[in-house]
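Data first, discussion second: the structure below is written as structure tokens.
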Amino acid sequence: MCGIMGTINKNNDAIQKVIEGLERLEYRGYDSCGIAYLDNLEIETIKTKGRVKELSQLVDSNIKTNIAIGHTRWATHGGATTINAHPHTVGSITIVHNGIIENYLTLKEKLINNGYTFKSETDTEVAGALLDFYYQKNKDIKDAITNFIKEVKGSYAIVLLCKDIKDKLFVIKKDSPLVIGTNQEGVLIASDIPTISCECEDYYLLNDLEWAIVGLDKISFFNNNGEEIIKERQVFKDAALTYSKEKYDHFMLKEIMEQVTTLSKLINYYLEDDRYLNLIDISKFKRIDIVACGSAYNASLVGKYLFEEEAGIETEVYLASEYRYKKNFLDKDSLVIFVSQSGETADTLACLKKIKETDAKSLGIINVEKSSISLLVDEVIYTKSGSEIAVATTKAYTSQLAVFSLLTLSSLVKNRKLDKTDAVITELKNIGNDVQTLLKDTSKYQEVAKKIVASKKIFFLGRSIDYAIMKEGDLKLKEITYISSECYAAGELKHGPISLIDKDTLVIAGNTNKLLYEKTESNLCEVTARGANTLLITNKNTDSDNILIPEKSIYVSPILEVIPLQLIAYYTGVLLERDIDKPRNLAKSVTVE
Ligand code: F6R
């Protein structure tokens, strides 16, 4: 998704700082980019349909300036073209924007009637024009911003330059994240914390409908009525992010390999001193809804299975984009769990805001600390998997599974349905070794990748929890290989999709549940009878072409089952020479609806 970077500093290296920030934002996915800076008292703008590297080649590196803003754009309104790339200048205003201006067509009409013309197809240029429209009335930028906030519907994180006020940046925020960081050299503004945490000591987070005037020596904050407010300065405590692939070819592979430590660390943190027993007791609630998107939704399906089958608590899982417009049946006995790696996903965040108006309790299972969702939920469990740079999630997803295991075990132990010393808990503690075993020899996953590339159709099948895991395998393959694959509950195939099965089909099936072994095997017979090739991921002794995972309890097994699928998708992407870490059209954090 779009990324914002801006700076005002003493060192006159603002262009370099913005380019470096845009490079750090690249992981979010984008299709064009641009920069605007002050040069000889004029605002210069340079944009390209290409990558940040190309942008940096277009900018004269000899220019010294202390103020600049930049943007990586993920197209929403209008194609991925240089004209549509940000920054946009209208009159006195030069603007970069993340989010969506929902009433931009109405605003555009009004502005056209007032003599404005537009070069791009974007809602952002309309936002810039509206700010200019109000600014030109009395040349008061404060009035312009407060009028803008009153009139605009939608989401926005905005940084702007005003050509008449050359030593300030202006920042406005609603429903799209924005952070202002400071250091000895000056101020850095970005659309996410990791982009500036490596450079800044302190930071301020804006709440919705707040805005700021950022100068080198002073940052002033205001509410939507233009009244000055005090904001708390926060300190970066954690080590700055590293953006190195180390010895790996891609961040995705590095992050898959890191699962040995991310999972062990997370689980041991909660198991040490019985911290997991302090987690919220899910058995106290009469209704549990889990809300998420994409892989986080797939992880939630596993959570539902654990809550229902192991803890006996009925649970529903919803796609956030559906839940936000659905009637809810929540009361004080309801728990709504929001699962998100980034903690910024627009649909998930909107659902949280909606349920905040009910009596339900909210719990976040979130990776990025201090992200919007983590700050708004009643309680948060951090998945502690560190920064995830590859667009396709791997280590954050398995950490979400581990949190669902911990929540279930916590409830069982607290309600005396399981003993603290039970073997399943020891098994969970040792997960790192099992993950390590699966990661040791990658050659078998590379062989499967060759089979996938040689097949015309790919199907993923599974029953119950295997189905949930296969959905994640299917999503991973689609995301990074662009292969069109399908995933079905194994028993559902014969109700229609089996007509697609033929000799050119490879069926990848998960079969790890003893109670359902034979059922899934029968479904596989149905596909082999129609000429398909099959590959099993199973914990049952199997012939050598299949992938064997260790036989473990339901708290560990799903985590182990997904790792081969992550690696199969990865090596298929490599074979097809895809842009593994930044697949086409995808964004790391989906901050628009
Ligand atoms: C898949 C993927 C996406 C995200 C989804 C939700 O690899 O990364 O499907 O899982 O966009 O994102 P978060 O978890 O940040 O809410």
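First listed ligand is number 1; within each ligand, the first listed atom is number 1.
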To the nearest 0.1 Å, how far is [atom] from its closest protein heavy atom, and which atom is that?
atom	result
atom 15 (O) of ligand 1	Ser342 OG, 2.6 Å
atom 12 (O) of ligand 1	Thr345 OG1, 3.4 Å
atom 2 (C) of ligand 1	Glu479 OE2, 3.5 Å
atom 6 (C) of ligand 1	Cys293 O, 3.3 Å
atom 11 (O) of ligand 1	Val590 CG2, 3.9 Å

- Query: What do you reckon, does Asn298 put a non-hydrogen atom under 4.0 Å from ligand 1?
  - Reply: no
Around atom [atom1] of [X], are there more than 12 heavy atoms from other residues, nucleotides or ligands closer than 6.0 Å?
X	atom1	result
Lys457	NZ	yes
Lys356	NZ	yes
Lys231	NZ	yes

- Look at the aromatic rings of Tyr203 and Phe236 and report parallel, tilted or perpendicular, splitting at 30° and 60°. parallel
- Backbone or side chain, does any N or O of Ser295 fall under 3.5 Å from an N or O of ligand 1? yes
Check each atom of ligand 1 against the heavy atoms of [X] and keep those under 4.0 Å away; list them by number with element.
X	answer
Lys476	1 (C), 7 (O)
Gln341	13 (P), 14 (O), 15 (O), 16 (O)
Ser340	13 (P), 14 (O), 15 (O), 16 (O)
Ala296	10 (O), 14 (O)
Val391	8 (O)

- Kindly say whether the aromatic ring centers of Tyr297 and Tyr318 come within a distance under 6.0 Å. no
- Query: Between Tyr30 and His71, does the ring centroid distance fall short of 6.0 Å?
  - Reply: no
- Item | Contact partition for Glu344 relative to ligand 1, non-hydrogen atoms under 4.0 Å | neither
- Message: Tell me the contacting part of Asn367 for ligand 1: side chain, backbone, both, or neither, using a 4.0 Å heavy-atom threshold, strictly below.
- Response: neither
- Message: Please check this pair: side chain of Asp347 against backbone of Cys293, looking for a donor-acceptor N/O pair closer than 3.5 Å.
- Response: no
- Item | Ionic contact status for Lys582 with Asp31, cut-off 4.0 Å | no
- Query: Of the options Gln259, Glu388, Glu258, Gln400, which is the one that meets Lys395 in a side-chain hydrogen bond (donor to acceptor under 3.5 Å, both in side chains)?
  - Reply: Glu258
